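This structure is a prediction, so every number in the text was calculated from the model and none was measured.
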Amino acid sequence: MSEQPDLPADVALMWGLQAVTKRGPKPSLSVEDITRAAIGIADAEGLGAVSMARVAERLGNSTMALYRHVKSKDELLVLMSDAALERPQPLPEGIDWRTGLVFWAHGVMTAVRAHRWYAQLPISGPPAGPNNLAWFDSALGALKDTGLTEEGKVGVVMGLMTYVQGEMRLSSDLAAGYADNPDAFSRYGATLARVVDPRQLPALAAVLAAGVFDESASSFTDDADADFDFGLQLYLDGVAGFIARMTG
């Protein structure tokens, strides 16, 4: 029987399974302390303010003391990405798969909006931390009565994750752009009207002629929830067709 491979260091950290040295005094710091302090800095000042030195200063410790627990800023970001998300609310009893996934998707957006910096975190791999896997499990659970294979359920959930992540990052970037230069948003329709040639870009010209972009600057951010729901329902329409096709 072959030995199981060692857990990756960041996974072991998130699950609290890193090797513990029994000799010497009990450490004054923990991974949880470091992660919580980093999240506090990011919440107050943004992700760019997070560094090992700033976290050490916040905790009243030396930077080297942090490195005994967390080896790099990259590891710290991984820890933050799991801890900030927290655990999902249980799916309401007796709901169908579609209502469950809508509940789930809105839960994700609510969780990440509590930490505006979350959308800036790098995505370095599939979910592996306890909180992220709890969300993964919750979405899979919404599909338990659909008749899909386990592989099919994973495909549906991964597609939904891609949509939610994309919307989260796009809305965050647009909100930042609007805060920086709202006039660029308010002039968007007029700007396009000056450069779009109907002979070259006929479909886009038709959109402009219909006045789709003749909106106030604030509509780009005010309609974020409606846009999210519109895209979510389109995706779930596709999932409904997939379930019908796969289950006969």
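Pro92 places a side-chain heavy atom less than 4.5 Å from the side chain of Ile95. In this structure the side chain of Val55 reaches within 4.5 angstrom of the side chain of Leu59, judged on heavy atoms. In this structure, the side chains of Ile34 and Met52 stay at 4.5 Å or more apart for every pair of heavy atoms. Contact annotation: the side chain of His106 approaches that of Asp229 to within less than 4.5 Å [non-hydrogen atoms, C-beta and beyond]. You'll find the side chain of Trp97 stays beyond 4.5 Å of the side chain of Lys144, heavy atoms only. The closest side-chain heavy-atom distance from Leu101 to Tyr235 is not below 4.5 Å. You'll find the side chain of Met161 reaches within 4.5 Å of the side chain of Phe136, heavy atoms only.
By the rule that hydrophobic residues join a cluster once side-chain heavy atoms approach within less than 4.5 Å of another member, Tyr118 and Val50 end up as members of one cluster. Leu79 and Leu17 fall within a single hydrophobic cluster, where Ile, Leu, Val, Met, Phe, Trp and Tyr are joined by side-chain heavy atoms under 4.5 Å apart, directly or via other members. Under a hydrophobic-cluster definition in which Ile, Leu, Val, Met, Phe, Trp and Tyr are linked whenever side-chain heavy atoms come within less than 4.5 Å, directly or via other members, Met64 and Leu66 are assigned to the same cluster. Both Val102 and Leu148 sit in one connected hydrophobic cluster of ILVMFWY residues. Membership requires side-chain heavy atoms under 4.5 Å apart, directly or through other members. Linking Ile, Leu, Val, Met, Phe, Trp and Tyr residues whenever their side-chain heavy atoms come within less than 4.5 Å leaves Trp104 and Phe230 in two separate clusters.
Using a 4.0 Å cut-off between charged side-chain N and carboxylate O, Asp96 and Arg98 make no salt bridge. Using a 4.0 Å cut-off between charged nitrogen and carboxylate oxygen, Asp33 and Arg58 do not count as a salt-bridge pair.
Here the OG-CZ distance, from Ser171 to Arg113, works out to 6.0 Å after rounding to the nearest 0.5 Å. The CH2 atom of Trp135 sits 9.5 Å away from atom CG of Asn131, with the distance rounded to the nearest 0.5 Å. Interatomic distance, Ile39 CD1 to Met80 CE, rounded to the nearest 0.5 Å: 5.5 Å. Atom CG of Leu77 is separated from atom CD1 of Ile123 by 12.5 Å, given to the nearest 0.5 angstrom.
Annotation for Ala53 and Thr63: closest pair CA-OG1, 3.6 Å, computed over non-hydrogen atoms. For Leu208 against Phe213, the heavy-atom pair with the smallest separation is CD2-CD1, 3.6 Å. Across all their heavy atoms, Thr35 and Ala83 have their closest contact at CG2-CB, 3.7 Å. Across all their heavy atoms, Pro88 and Ser138 have their closest contact at CG-CB, 4.2 Å. Counting all heavy atoms, side chain and backbone alike, Leu91 lies closest to Gly100 at CD2-O, 3.7 Å. Residues Asn132 and Pro127 approach most closely at CB-CB, 3.8 Å, considering heavy atoms.
Arg194 pairs by the side chain to side chain donor-acceptor pair (under 3.5 Å) definition with nothing, not counting sequence neighbours. In terms of the salt bridge (charged side-chain N to carboxylate O under 4.0 Å, His left out) criterion, residue partners of Glu150 (sequence neighbours excluded) are, by chain and number, Lys153. When the salt bridge (charged side-chain N to carboxylate O under 4.0 Å, His left out) test is applied to Asp180, no partner is found at least two apart in sequence or on another chain.
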Practice task
Determine, step by step, whether Trp15 and Val11 satisfy the side-chain contact (heavy atoms from CB on, under 4.5 Å) criterion, reporting the C-alpha distance in whole Å, the side-chain angles of both residues, the deciding distance to 0.1 Å, and the verdict.
Solution key: CA-CA 6 Å; Trp15 284 89; Val11 176; 3.8 Å; yes
Practice task
Any chance you could lay out the side-chain contact (heavy atoms from CB on, under 4.5 Å) test for Val31 and Met14, step after step, and finish with the verdict?
Solution key: CA-CA 9 Å; Val31 172; Met14 287 187 288; over 6 Å; no
Handout entry: Arg87 vs Asp137, salt bridge (Lys or Arg N to Asp or Glu O under 4.0 Å): CA-CA, chis, key distance, verdict
Key = CA-CA 11 Å; Arg87 294 297 176 103; Asp137 181 83; over 6 Å; no
Exercise for the section: Test Val108 against Met168 for side-chain contact (heavy atoms from CB on, under 4.5 Å), laying out the working first. Expected result: CA-CA 9 Å; Val108 174; Met168 176 184 72; 5.7 Å; no
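Exactly one residue among Val196, Leu192, Val195 makes a side chain to side chain contact (heavy atoms under 4.5 Å, CB included) with Leu201. That residue is Val196.
Within a 6.0 Å sphere centred on CD of Gln89, other residues, nucleotides and ligands contribute 12 heavy atoms or fewer.
Under the salt bridge (charged side-chain N to carboxylate O under 4.0 Å, His left out) criterion, no residue pair touches residues 67-84, with sequence neighbours excluded.
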Would you be so kind as to tabulate the donor-acceptor pairs closer than 3.5 Å made by side chains of residues 238-248, with sequence neighbours excluded?
residue : atom : partner : partner atom : Å
Thr247  : OG1  : Ile243  : O            : 2.6

Please output the side-chain donor-acceptor pairs of residues 41-49 that fall under 3.5 Å, not counting sequence neighbours, one pair per line with the distance.
residue : atom : partner : partner atom : Å
Asp43   : OD1  : His115  : ND1          : 2.7
Asp43   : OD1  : Trp117  : NE1          : 2.6
Asp43   : OD2  : His115  : ND1          : 3.3
Glu45   : OE1  : Arg54   : NH1          : 3.2
Glu45   : OE2  : Arg54   : NH2          : 2.8

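Defined by atom type and a distance below 3.5 Å, a donor-acceptor pair is missing between the side-chain atoms of Arg169 and Gln120.
Ring planes of Tyr163 and Phe228: parallel class, angle under 30° (limits at 30 and 60°).
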